[in-house]
**Student:** 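So that we are looking at the same thing, I have put the structure below in structure tokens.
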Amino acid sequence: MKHTQILRTILIASQIIMLNKAYSQNKSTQSWPIADLPVVETPVFKTDTFNIVKYGAVNDGVTLNTVSINKAIADCSNKGGGVVLVPTGFWVTGPVELKSNVNLHLQSDAVLSFTRDLSQYKLVETNWEGLAAVRNQSPISGTNLVNVAITGQGIVDGNGDAWRMVKKEKLTDSQWKKLLASGGVLSEDKKIWYPTESSFKGSKIKGAGVIAPGKTVKDYEEIKDFLRPNLLVLTKCNKVLLEGVTFQNSPAWNLHPLMCENLTVRGITAKNPWYAQNGDGIDVESCKNVLIENSVFDVGDDGICIKSGRDEQGRRRGMPTENVLVRNCTVYHAHGGFVVGSEMSGGARNLFVTDCTFIGTDIGLRFKTTRGRGGVVEKVYIRNIGMKDIVGEAILFDMYYEAKDPVPLTGEQREAPKVVKLPVTEATPQFKDFHVNNVVCDGAERAIFVRGLPEMNINNIYMENMTLQAKKGVEMEEAGQIQLKNIRLITRETKPLVNILNSNSLSFEGITFNDSSDLLFSVNGDRSANITVSDTNTKNVKSVAEFNFGANKKALKIK
């Protein structure tokens with residue numbers, strides 16, 4: 001196995017060299033800083049094998065194998081490490097606690113199914129959405145581990161339907177009727193189903209589970225069922241490998257590496273029903289040196305997501321997610337394909353995303369935050385992205401995140417946020433220094449959306465070499481130092497193609513669009529200035545520009 005690991009390391013190194021060579025040969029002006037690509041150390045294990053059957057595990061789909069599996073893991077770790085083997089079969093278990101130097105290996109057609117008996121999961125102090133919180137123990141967890149892995153071709157199933165609430169709007173009529181017939185509790189408006197009364201009680205409490213001064217774990221017992229765990233949580237671990245396995249049906253997030261270093265995620269599948277509340281694929285939080293490759297995500301919330309803690313607690317932790325390479329991944333249903341935020345208060349930097357495909361996601365590239373978060377997201381490099389059938393925006397930067405689904409549900413009304421300029425403090429978030437190159441999108445509601453804060457514009461964003469087919473074109477609010485170069489916009493609506501509000505230092509170079517478009521630019525607001533257009537044929541446009549709400553005609557220059 002050690003020899004195999006060496007070969008894998010050589011292969012990874014050769015792939016990175018080839019990738020770097022390809023990028024260096026590309027004539028695009030937006031080159032990757034090759035020296036900053038992450039170097040990720042992978043774990044190495046002894047070949048000794050510990051079969052869970054020898055520890056009393058029974059493959060009958062009924063027997064609870066919690067004790068047997070955890071004994072095998074502890075014994076393996078205590079004896080210097082190796083492989084804990086989950087053979088082919090259907091194995092029911094309660095929470096599994098990983099240990100150092102252990103590779104939990106699931107053979108092909110092995111299903112590790114976590115029990116629906118919620119009493120098997122004790123309440124623990126942990127972290128939820130960037131805050132210290134009480135939650136149920138995760139089905140798989142580990143803290144302060146070195147050299148740990150879950151590998152193989154099997155399935156890890158979290159039985160999330162035993163935990164999660166469901167919105168009526170996300171099911172068909174027959175699915176909703178079947179769900180109601182199973183029991184559970186309805187919200188007062190009859191639009192949300194909860195599996196138990198305890199779960200429903202928790203929904204009535206703002207910030208349920210967040211650790212409050214003077215409270216103990218026992219104080220949360222009454223709402224225990226509401227405090228859904230993430231399927232896999234690894235905290236402060238070094239040299240982690242997740243490879244080949246399918247992780248599915250999680251109570252909340254699927255995979256949550258927290259404050260880890262040297263994380264490799266390769267060839268995995270993360271699946272959740274599309275209605276799964278908080279059903280993210282992977283949330284990499286405050287981690288350093290990360291490789292995610294050749295993996296598939298089809299989930300109920302964000303697909304591949306970067307986080308670093310929430311608000312004051314995240315800033316106090318002060319651990320950015322940094323040095324991340326995501327490549328050759330596919331995201332199907334998800335709120336976002338590749339996402340940063342909204343809990344990014346510790347910041348994020350040196351993020352590299354290449355050769356990924358997003359099909360049917362609500363948003364393609366999604367960068368979200370809000371006032372109060374603080375944190376700086378910078379040095380983000382994204383290349384070679386293919387998108388199809390995006391429900392909302394292909395590319396979105398938004399500093400007014402509201403913790404809602406990115407696309408309104410049927411009949412849902414949303415008002416635009418009230419724009420008020422506030423003082424800049426440590427709680428003011430920042431997005432800057434993004435480079436997005438070579439993107440193709442076949443179908444979206446809007447091609448590009450950028451919305452910053454009046455006191456902190458989104459700035460230094462470079463987008464180049466794109467063909468974007470969408471209903472609407474580009475919208476920019478409170479943006480600065482934005483460059484769009486060689487962008488082809490194929491839109492159904494062309495009045496306007498580009499809408500600008502209180503933004504400055506915008507550059508549009510080599511923009512192409514539908515023949516006989518109605519209006520190219522709508523410039524709005526008295527703070528819009530220094531907008532330049534070059535190498536763009538405007539002859540067939542019915543109207544090049546209009547100026548509203550105090551915008552000056554001198555704000556726009558066409559070269």
**Student:** Closest approach of Tyr400 and Gly452, non-hydrogen atoms and distance?
**Tutor:**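 Nearest heavy atoms, Tyr400 then Gly452: CE1-O, 3.4 Å.
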
**Student:** Answer yes or no: is there a donor N or O on one side and an acceptor on the other, between the side chain of Asp301 and the main chain of Asp280, under 3.5 Å?
**Tutor:**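 No, because the side chain of Asp301 does not come within donor-acceptor range (under 3.5 Å) of the backbone of Asp280.
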
**Student:** Do you see a donor-acceptor pair shorter than 3.5 Å between the side chains of Arg164 and Asn249?
**Tutor:**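 Yes - a donor-acceptor pair under 3.5 Å links their side chains.
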
**Student:** Begin with the C-alpha distance, continue with both residues' side-chain angles, and end with the deciding distance and a verdict on salt bridge (charged side-chain N to carboxylate O under 4.0 Å, His left out) for Arg527 and Glu478.
**Tutor:** CA-CA 9 Å; Arg527 288 184 283 111; Glu478 304 292 353; 3.0 Å; yes

**Student:** Residues in side chain to side chain donor-acceptor pair (under 3.5 Å) with Glu477, at least two apart?
**Tutor:**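 Glu477 satisfies side chain to side chain donor-acceptor pair (under 3.5 Å) with no other residue.
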
**Student:** If you round to the nearest 0.5 Å, how far is CG of Leu255 from CG of Asp283?
**Tutor:**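 Reported to 0.5 Å precision, the distance equals 8.5 Å.
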
**Student:** Does the side chain of Asn238 reach to within under 4.5 Å of the side chain of Cys260, using non-hydrogen atoms?
**Tutor:**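 Heavy-atom side-chain distance check fails, nothing below 4.5 Å.
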
**Student:** Checking the side chain of Ser517 only, and the main-chain atoms of Asn514 only, is there a donor and an acceptor separated by less than 3.5 Å?
**Tutor:**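 Yes, Ser517 side chain to Asn514 backbone: donor-acceptor pair under 3.5 Å.
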
**Student:** Under the side chain to side chain donor-acceptor pair (under 3.5 Å) criterion, do Glu546 and Asn548 qualify, and how do the steps go?
**Tutor:** CA-CA 7 Å; Glu546 67 176 18; Asn548 304 297; 3.2 Å; yes

**Student:** Is it true that Arg366 and Glu393 make a salt bridge, defined as a side-chain N closer than 4.0 Å to a carboxylate O?
**Tutor:**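 No, this pair does not count.
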
**Student:** Just wondering, more than 12 heavy atoms not from Arg371 lying within 6.0 Å of its CZ?
**Tutor:**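 Above 12, so yes.
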
**Student:** Is it true that His435 and Asp433 share a donor-acceptor pair across their side chains at a distance under 3.5 Å?
**Tutor:**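 Yes.
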
**Student:** Please give me the minimum heavy-atom distance between Ser199 and Trp163, naming the atom from each residue.
**Tutor:**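 That closest heavy-atom pairing would be OG-O, 4.4 Å.
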
**Student:** Please give me the minimum heavy-atom distance between Leu231 and Ser138, naming the atom from each residue.
**Tutor:**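 Taking Leu231 first and Ser138 second, the nearest heavy atoms are O-CB, 4.1 Å.
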
**Student:** Do Asp298 and His333 have a side chain donor and acceptor closer than 3.5 Å?
**Tutor:**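 Not at all, the side chains of Asp298 and His333 share no donor-acceptor pair under 3.5 Å.
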
**Student:** Run the salt-bridge test on Arg317 and Glu312 with the 4.0 Å N-O cut-off and return the result as yes or no.
**Tutor:**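 Glu312 and Arg317: not salt-bridged.
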
**Student:** If we ignore hydrogens and angles and just use 3.5 Å, is the side chain of Ser286 paired with the main-chain N or O of Thr321 as donor and acceptor?
**Tutor:**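 Not at all, since once roles are kept as given, no pair shorter than 3.5 Å links the two residues.
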
**Student:** What's the spacing between Asn127 CG and Arg310 CZ if we round to 0.5 Å?
**Tutor:**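 The CG atom of Asn127 sits 11.0 Å away from the CZ atom of Arg310.
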
**Student:** Looking at residues at least two apart in the chain, or sitting in another chain, which of them share a side chain to side chain donor-acceptor pair (under 3.5 Å) with Asn289?
**Tutor:**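 Applying side chain to side chain donor-acceptor pair (under 3.5 Å) to Asn289 gives Asn323.
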
**Student:** Step by step, would you call Thr494 with Asp518 a side chain to side chain donor-acceptor pair (under 3.5 Å)?
**Tutor:** CA-CA 5 Å; Thr494 62; Asp518 293 299; 2.9 Å; yes

**Student:** Do the side chain of Asp189 and the main chain of Lys191 share a donor and acceptor less than 3.5 angstrom apart?
**Tutor:**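 Looks like yes, one N/O pair under 3.5 Å.
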
**Student:** Please check: side-chain N/O of Asn460 versus main-chain N/O of Lys432, any donor-acceptor pairing under 3.5 Å?
**Tutor:**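 No: the side chain of Asn460 does not pair with the backbone of Lys432.
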
**Student:** Should the heavy atoms of other residues, nucleotides or ligands under 6.0 Å from CD of Glu455 be counted, would the total exceed 12?
**Tutor:**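 Counting other residues, nucleotides and ligands, CD of Glu455 exceeds 12 neighbours.
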
**Student:** May I ask you to decide if Glu293's main-chain N or O and Ser295's side chain share a donor-acceptor pair within less than 3.5 Å?
**Tutor:**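 Flag set: sc Ser295 to bb Glu293 pair under 3.5 Å.
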
**Student:** Please report the shortest heavy-atom distance between Pro257 and Cys287, naming the atom on each side.
**Tutor:**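 Closest approach of Pro257 to Cys287, heavy atoms only: O-SG, 3.3 Å.
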
**Student:** Using modelled atom types and a 3.5 Å cut-off, is there a donor and acceptor pairing between side-chain atoms of Asn537 and backbone atoms of Lys539?
**Tutor:**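 Yes.
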
**Student:** Under 3.5 Å, is there a donor-acceptor pair linking the side chains of Asn524 and Asn499?
**Tutor:**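 Judged by distance alone, the side chains do pair up.
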
**Student:** Under the ring pair (Phe, Tyr, Trp, His ring centres under 6.0 Å) criterion, do Phe338 and Phe358 qualify, and how do the steps go?
**Tutor:** CA-CA 9 Å; Phe338 177 77; Phe358 309 142; 7.9 Å; no

**Student:** Step by step, would you call Phe547 with Phe521 a ring pair (Phe, Tyr, Trp, His ring centres under 6.0 Å)?
**Tutor:** CA-CA 9 Å; Phe547 301 85; Phe521 288 95; 9.4 Å; no

**Student:** For Arg228, does its backbone N or O pair with a side-chain atom of Arg135 as donor and acceptor, under 3.5 Å?
**Tutor:**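 Yes; at least one donor-acceptor contact below 3.5 Å.
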
**Student:** With rounding to the nearest 0.5 angstrom, report the CD1 to CE distance, Ile487 to Met466.
**Tutor:**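 With rounding to 0.5 Å, CD1 (Ile487) is 4.5 Å from CE (Met466).
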
**Student:** Say you draw a straight line from CG of Leu497 to CD1 of Ile490; how long is it, rounded to the nearest 0.5 Å?
**Tutor:**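 Taking CG in Leu497 and CD1 in Ile490, the distance rounds to 11.0 Å.
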
**Student:** Indicate yes or no: does Arg451 engage Asp398 in a salt bridge with an N to O separation below 4.0 Å.
**Tutor:**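 Salt bridge flag = yes for Asp398 with Arg451.
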
**Student:** Take Arg383 and Val353 through the test side-chain contact (heavy atoms from CB on, under 4.5 Å) and record every step on the way to the result.
**Tutor:** CA-CA 6 Å; Arg383 304 187 70 161; Val353 183; over 6 Å; no

**Student:** Side chains of Asn262 and Thr264: donor-acceptor distance under 3.5 Å anywhere?
**Tutor:**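 There is no such pair between these side chains.
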
**Student:** Determine whether a donor-acceptor pair (N or O, by modelled atom type, separation under 3.5 Å) exists between the side chain of Asn459 and the backbone of Gln481.
**Tutor:**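 Not a single qualifying donor-acceptor pair exists.
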
**Student:** Applying the side-chain hydrogen bond (donor to acceptor under 3.5 Å, both in side chains) criterion to Ser342, which one of Glu129, Lys307, Lys368, Arg373 satisfies it?
**Tutor:**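 One option only clears the test, and that one is Arg373.
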
**Student:** With the side chain counted from C-beta on, respond yes when Thr536 and Phe513 share a heavy-atom pair under 4.5 Å apart, and no when they do not.
**Tutor:**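 When only atoms from C-beta onward are counted, Phe513 and Thr536 do touch, with a gap below 4.5 Å.
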
**Student:** Under the side chain to side chain donor-acceptor pair (under 3.5 Å) rule, collect the residues that match up with Glu475, sequence neighbours excluded.
**Tutor:**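 Partners of Glu475 under the side chain to side chain donor-acceptor pair (under 3.5 Å) test: Arg446.
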
**Student:** Which heavy-atom pair separates Ile363 from Thr361 by the least distance, and what is that distance?
**Tutor:**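 Closest heavy-atom pair between Ile363 and Thr361: O-OG1, 2.8 Å.
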
**Student:** Assess whether ring pair (Phe, Tyr, Trp, His ring centres under 6.0 Å) is satisfied between Tyr194 and Phe226, documenting all intermediate values.
**Tutor:** CA-CA 9 Å; Tyr194 296 87; Phe226 182 76; 7.1 Å; no

**Student:** Around atom OH of Tyr332, are there more than 12 heavy atoms from other residues, nucleotides or ligands closer than 6.0 Å?
**Tutor:**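 No, not enclosed.
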
**Student:** For a 4.5 angstrom cut-off between non-hydrogen side-chain atoms, does Gln430 reach Val377?
**Tutor:**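 Sidechains of Val377 and Gln430: no contact.
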
**Student:** Which residue, Leu484, Val450, Thr532, Ile482, forms the side-chain contact (heavy atoms from CB on, under 4.5 Å) with Leu506?
**Tutor:**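 Option passing the side-chain contact (heavy atoms from CB on, under 4.5 Å) with Leu506: Ile482.
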
**Student:** If you round to the nearest 0.5 Å, how far is CG of Asn530 from CG of Asn504?
**Tutor:**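 Interatomic distance, Asn504 CG to Asn530 CG, rounded to 0.5 Å: 7.0 Å.
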
**Student:** Please examine the side chains of Ile211 and Glu125, heavy atoms only from C-beta on, and report whether any two atoms are closer than 4.5 Å.
**Tutor:**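 The answer is yes; the side chains approach within 4.5 Å.
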
**Student:** What's the spacing between Ile306 CD1 and Glu343 CD if we round to 0.5 Å?
**Tutor:**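 If we round to the nearest 0.5 Å, Ile306:CD1 and Glu343:CD are 12.5 Å apart.
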
**Student:** If you take all heavy atoms of Val331 and Gly337, which pair is closest and at what distance?
**Tutor:**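 Nearest pair, atom of Val331 first, then Gly337: CG2-O, 3.8 Å.
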
**Student:** Going by an N to O cut-off under 4.0 Å, is there a salt bridge joining Lys471 and Glu493?
**Tutor:**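 Yes.
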
**Student:** Between Ser503 (side chain only) and Leu501 (backbone N and O only), is there a donor and an acceptor less than 3.5 Å apart?
**Tutor:**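 Flag set: sc Ser503 to bb Leu501 pair under 3.5 Å.
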
**Student:** Would you call the rings of Phe367 and Phe431 parallel, tilted or perpendicular, taking 30° and 60° as the class edges?
**Tutor:**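 Perpendicular: the ring planes of Phe367 and Phe431 meet at over 60°.
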
**Student:** Compute whether any side-chain donor of one residue and acceptor of the other, for Asn502 and Ser528, lie under 3.5 angstrom apart.
**Tutor:**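 No, no side-chain donor-acceptor contact under 3.5 Å.
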
